[in-house]
Amino acid sequence: MPLHLASFCDIIITLQRNIEVRWREPERPNGEIIGYKIVHTPPGANFTVGADTLSYNIRGLEPWTQYHVKVSAQTSAGFGNYSELQNPVRTLEGKPESSITDLSGRPLNTTTIELTWRNPLRPNGQITS
């Protein structure tokens, strides 16, 4: 099995619903590399690519969500230890997928109304205004 691939994995591009991961071949592969496995959590999905592929675009992710990404090299003896990114990566913000709820107002005086509401259930980022 390949040895641990120390700090070989990098995030290159992060979008609202995609993360591109790039890596290098292991310094000591302990055999011929036949592929790589990329795993991200949540939700725990994994993808396998051939030995000639050193990057992968993970698609279909949720906006403004933190992901842990790791990659493992494979030889005929199996998969080696995973090399994990030092820190989780967050996809970019997106627009809210729902409206505010429970909107209500009450008059404070003849020229002012106080409005209250609940934020969207899926804000997909920080609500700023």
Side-chain angles (χ1 to χ4, degrees):
M1 285 186 234
L3 293 178
H4 180 10
L5 307 172
S7 67
F8 80 114
C9 188
D10 295 308
I11 291 293
I12 299 301
I13 299 172
T14 305
L15 301 172
Q16 287 178 9
R17 296 191 178 270
N18 299 11
I19 297 172
E20 184 176 333
V21 184
R22 292 189 182 179
W23 59 90
R24 295 182 299 282
E25 294 179 6
E27 291 178 12
R28 296 175 51 207
N30 288 341
E32 181 181 349
I33 299 294
I34 60 175
Y36 296 93
K37 182 187 285 186
I38 304 99
V39 175
H40 71 80
T41 56
N46 68 74
F47 310 92
T48 304
V49 297
D52 59 339
T53 302
L54 297 175
S55 67
Y56 190 80
N57 192 350
I58 304 170
R59 299 175 186 272
L61 302 175
E62 294 296 321
W64 199 242
T65 302
Q66 201 166 277
Y67 291 93
H68 295 270
V69 180
K70 55 188 180 179
V71 179
S72 174
Q74 179 186 23
T75 66
S76 59
F79 286 97
N81 294 332
Y82 283 98
S83 177
E84 191 163 358
L85 291 170
Q86 295 296 321
N87 298 306
V89 61
R90 183 183 295 276
T91 49
L92 297 181
E93 292 181 278
K95 65 181 182 177
E97 291 182 22
S98 60
S99 301
I100 60 171
T101 58
D102 299 331
L103 176 63
S104 64
R106 69 179 181 100
L108 297 179
N109 56 44
T110 58
T111 60
T112 307
I113 297 175
E114 178 183 66
L115 298 175
T116 59
W117 62 86
R118 289 180 184 247
N119 284 335
L121 294 175
R122 296 185 56 103
N124 292 335
Q126 297 178 350
I127 303 295
T128 58
S129 60

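Note that the numbering runs from 1 along the sequence shown for the chain.
- Minimum interatomic distance between G80 and S72 (heavy atoms only, all atoms of both residues): O-OG, 2.7 Å.
- Closest heavy-atom contact between I113 and G105: CG2-CA, 4.2 Å.
- Of all non-hydrogen atoms in S76 and I34, the two that sit nearest each other are N-CD1, 4.0 Å.
- Residue pairs meeting the salt bridge (Lys or Arg N to Asp or Glu O under 4.0 Å) criterion with at least one member in residues 72-82: none, sequence neighbours excluded.
- Applying the side-chain hydrogen bond (donor to acceptor under 3.5 Å, both in side chains) rule to R59 yields no partners; only residues at least two apart in sequence or on another chain are considered.
- For P120, the side-chain contact (heavy atoms from CB on, under 4.5 Å) criterion is met by P96, S98, I100, I127, not counting sequence neighbours.
- The side-chain hydrogen bond (donor to acceptor under 3.5 Å, both in side chains) contacts involving residues 112-124 comprise E62-R122, E97-R122, E97-N124, D102-R118, S104-T116, R106-E114, N109-T112, where partners must be two or more places apart or lie in separate chains.
- Minimum interatomic distance between W23 and V21 (heavy atoms only, all atoms of both residues): CZ3-O, 3.6 Å.
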Return all side-chain donor-acceptor pairs below 3.5 angstrom for residues 37-58, not counting sequence neighbours, or 'none' if the list is empty.
unit_1 : atom_1 : unit_2 : atom_2 : d
H40    : ND1    : P42    : O      : 3.1

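- Sorted by first and then second residue, the salt bridge (Lys or Arg N to Asp or Glu O under 4.0 Å) pairs with a member in residues 63-83 form an empty list; sequence neighbours excluded.
- Counting heavy atoms from C-beta on, the side chains of L92 and Q16 come closer than 4.5 Å.
- Nearest heavy-atom pair across T14 and T91 is CG2-CA, 3.5 Å.
- Across every non-hydrogen atom of P63 and E93, the tightest pair is CB-C, 4.4 Å.
- The OH atom of Y67 sits 4.0 Å away from atom CG of L61, with the distance rounded to the nearest 0.5 Å.
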